[in-house]
J.: 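Attaching a single structure in structure tokens format; questions to follow.
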Amino acid sequence: MPELPEVEHSRRDLERWIRRATIVATKGEGKFALPSLRGRRIETVERRGKWIRIVLSDATLLFNHHGMTGEWKRSDEPLRWERASLVVEKNGKRTRVAYVDPRKFGRLVVAREDIPSWSALGPDPLEHGIDAKALADKLARRRKRSIKEALMDQSVLAGVGNIQATEALWKARIDPRSPAGALAKKHVTAVIKGLRWTIARTLDDLDVGFVIYGHKGEPCPRCKTTLVRIVLGGRTTTFCPGCQERLRARP
DNA sequence: ATTATTGTTGGTAG
DNA sequence: TCTACCAACAATAA
């Protein structure tokens, strides 16, 4: 469940469950192995893009990425596909949280300093907002990249994935194949509005459903043209050939 | 049996 | 140094 809105929900869950609590035990194997961390207090649970950064009392940092199928659950019993767990205590009450990840694309990293994957992230749409000028500059530099692939580049904006990019471009009425460098200022503005729209509505209700993602073959909700599915950068892309304008590279 | 899946990364090539 | 492309990672679900 892993684009910005889902990860933000996960962050809020963790904040409620374990913030200001003290770690009693940790568990994890293989690529999800964890050091003891016993006795450290959990100070903050932060997020940037799709990454979560948990800051502990001795300044140790616990980074987590959900990959494709990762999620945190609160459970006293071991869960199917559980890869790691934390037991914490606050006011004498114990809480156990489990990191579950069937496909194991996620990451758990303990470090003393920010890791490169975190540091390389572009601005977070929720945390920092989206600056039109800065975004336009970054897109302009990616001349040959499609706008959809550019939006999914985590150094452009942190947290935009396949679904949010697909939905935002539909809202902005821009064909996802358009070269990123072909967007004029008004197009960038429209993309920003589209991103704010899709992120907000997913954040508000994770089960609200998507407007065009996964709806190939169905009529466009806006113009009734049949939605099509293509592959861009190896990722499924849905769009409406009727009302999403294909922009051409500008000289 | 085949195909597709909300993501990143490391290697390669230009 | 920067951009672009792709296979690899893994376990289902249709």
Side-chain angles (χ1 to χ4, degrees), chain A residues 1-11 28-33 47-53 63-72 79-84 99-109 114-122 124-126 137-170 176-182 194-195 198-217 227-239 249:
Chain A
M1 334 178 23
E3 285 187 39
L4 189 153
E6 292 87 350
V7 180
E8 174 60 15
H9 271 264
S10 187
R11 186 197 70 76
E29 289 184 0
K31 68 176 285 197
F32 299 105
R47 181 194 56 77
R48 189 157 167 186
K50 303 168 194 170
W51 281 92
I52 285 174
R53 181 176 71 175
F63 294 90
N64 168 236
H65 193 289
H66 290 196
M68 205 80 109
T69 53
E71 56 183 325
W72 286 94
L79 300 170
R80 182 165 145 95
W81 304 130
E82 176 175 317
R83 306 303 186 189
Y99 177 67
V100 175
D101 187 352
R103 285 175 76 180
K104 299 203 283 193
F105 285 2
R107 306 267 305 277
L108 275 180
V109 182
D114 284 344
I115 58 175
S117 298
W118 172 278
S119 302
L121 294 171
D124 181 275
L126 284 190
D137 287 348
K138 278 185 178 174
L139 294 179
R141 244 182 294 134
R142 288 161 174 76
R143 301 191 54 74
K144 204 182 171 195
R145 230 12 180 203
S146 72
I147 179 61
K148 175 166 177 271
E149 290 172 280
L151 290 178
M152 291 171 62
D153 182 333
Q154 299 300 294
S155 69
V156 172
L157 282 175
V160 179
N162 200 26
I163 296 178
Q164 299 300 332
T166 294
E167 300 276 295
L169 287 170
W170 175 81
R177 296 167 294 182
S178 308
L195 285 168
T198 182
I199 289 171
R201 69 188 287 277
T202 309
L203 196 58
D204 183 58
D205 176 6
L206 290 183
D207 298 319
V208 70
F210 304 114
V211 179
I212 66 159
Y213 177 86
H215 292 279
K216 167 195 71 166
L227 299 172
V228 302
R229 172 194 182 276
I230 60 171
V231 174
L232 269 184
R235 313 299 302 279
T236 277
T237 304
T238 307
F239 74 100

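Below, read A as the first sequence line, B as the second, and so on, with proteins coming before strands; counting in each chain starts at 1.
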J.: Output yes when at least one side-chain N/O atom of Lys50(A) is less than 4.0 Å from OP1 or OP2 of dG7(B), else no.
T.: yes
J.: Just the rounded figure in Å: distance from C1' of dT6(B) to NE2 of His9(A).
T.: 14 Å
J.: Measure the distance from CD1 on Ile115(A) to P on dG10(B) and round it to the nearest whole Å.
T.: 11 Å
J.: Short question: side chain of Thr69(A), backbone of Arg103(A) - any donor-acceptor pair under 3.5 Å?
T.: yes
J.: In whole angstroms, how far is the P atom of dA4(C) from the CD1 atom of Ile147(A)?
T.: 12 Å
J.: Does Arg141(A) have a side-chain nitrogen or oxygen under 4.0 Å from the phosphate oxygens OP1 or OP2 of dT3(C)?
T.: yes
J.: As a test of reading the structure: which of dT6(B), dC5(C), dT9(B) is closest to the side chain of Glu149(A), going by heavy atoms?
T.: dC5(C)
J.: In whole angstrom, what separates Arg201(A)'s CZ from dT6(B)'s C1'?
T.: 15 Å
J.: For the side chain of Lys144(A), starting at C-beta, report the closest nucleotide among dT9(B), dA4(C), dA10(C).
T.: dA4(C)
J.: Taking only the P atom of each, what is the distance from dG10(B) to dA10(C) in whole angstrom?
T.: 15 Å
J.: Are any side-chain N or O atoms of Gln154(A) and backbone N or O atoms of Met152(A), one a donor and one an acceptor, separated by less than 3.5 Å?
T.: yes
J.: Give a yes/no answer on whether the side chain of Thr69(A) brings an N or O atom under 4.0 Å of OP1 or OP2 in dT6(B).
T.: no
J.: Classify the nucleic acid contact of Phe210(A) as base, sugar-phosphate or nothing, counting any heavy atom under 4.0 Å across all strands shown.
T.: nothing
J.: What's the gap between dC9(C) and dA1(B) when it is taken at their C1' atoms, as a whole Å value?
T.: 22 Å
J.: Taking only side-chain nitrogens and oxygens of His65(A), does any of them come within less than 4.0 Å of OP1 or OP2 of dT8(B)?
T.: yes
J.: Return no unless some side-chain N or O of Arg235(A) is found under 4.0 Å from OP1 or OP2 of dA4(B).
T.: no
J.: Which residues satisfy the salt bridge (charged side-chain N to carboxylate O under 4.0 Å, His left out) test with Arg235(A), sequence neighbours excluded?
T.: none
J.: For dC5(C), take OP1 and OP2 only and decide whether either is under 4.0 Å from a side-chain N or O of Arg145(A).
T.: yes
J.: Measure from the side-chain heavy atoms of Met68(A) and tell me the nearest of dG7(B), dT9(B), dT3(C).
T.: dG7(B)
J.: Does atom NZ of Lys31(A) have more than 12 heavy-atom neighbours from other groups under 6.0 Å away?
T.: yes
J.: Both atom distances under 3.5 Å, Watson-Crick or G-U wobble: I'd like the secondary structure of DNA chain C as a dot-bracket string, with | for pairs made across strands.
T.: .||||||||.||||
J.: Taking for each residue the nucleotide of DNA chain C bearing the nearest heavy atom, is the 5' side occupied by Arg142(A) or by Phe105(A)?
T.: Arg142(A)
J.: Is a side-chain donor or acceptor of His65(A) paired with a backbone partner of Phe105(A) at a separation under 3.5 angstrom?
T.: no
J.: Of all heavy-atom pairs between Gln164(A) and Leu195(A), which one has the smallest distance, and what is that distance?
T.: O-CD2, 4.3 Å
J.: Of all the heavy-atom pairs spanning Leu121(A) and Ala158(A), show the shortest one and how long it is.
T.: CB-CB, 4.0 Å
J.: Indicate whether OP1 or OP2 belonging to dG7(B) is found under 4.0 Å from a side-chain N or O atom of Trp51(A).
T.: no
J.: How many Å lie between NE2 on His66(A) and P on dC9(C), as a whole number?
T.: 23 Å
J.: Can you tell me the distance, in whole Å, between the CG atom of Leu151(A) and the P atom of dG7(B)?
T.: 13 Å
J.: Relative to the ring of His66(A), is the ring of Tyr99(A) parallel (under 30°), tilted (30 to 60°) or perpendicular (over 60°)?
T.: tilted
J.: Could you pull out the closest heavy-atom pair between Trp118(A) and Ile52(A), with the gap in Å?
T.: CZ3-C, 4.2 Å
J.: Once you round it to whole Å, what is the distance between P of dA8(C) and NZ of Lys31(A)?
T.: 16 Å
J.: Rounding to a whole Å, what distance do you find between Arg80(A):CZ and dA11(C):C1'?
T.: 9 Å
J.: Taking the C1' atom in each of dA4(C) and dT6(B), what is the distance between them to the nearest angstrom?
T.: 23 Å
J.: Looking at dT8(B), dT6(B), dA11(C), which one has an atom nearest to any side-chain atom of Arg103(A)?
T.: dA11(C)
J.: Describe the nucleic acid contact of Gln154(A) in one word from base, sugar-phosphate, nothing, applying a heavy-atom distance below 4.0 Å.
T.: sugar-phosphate
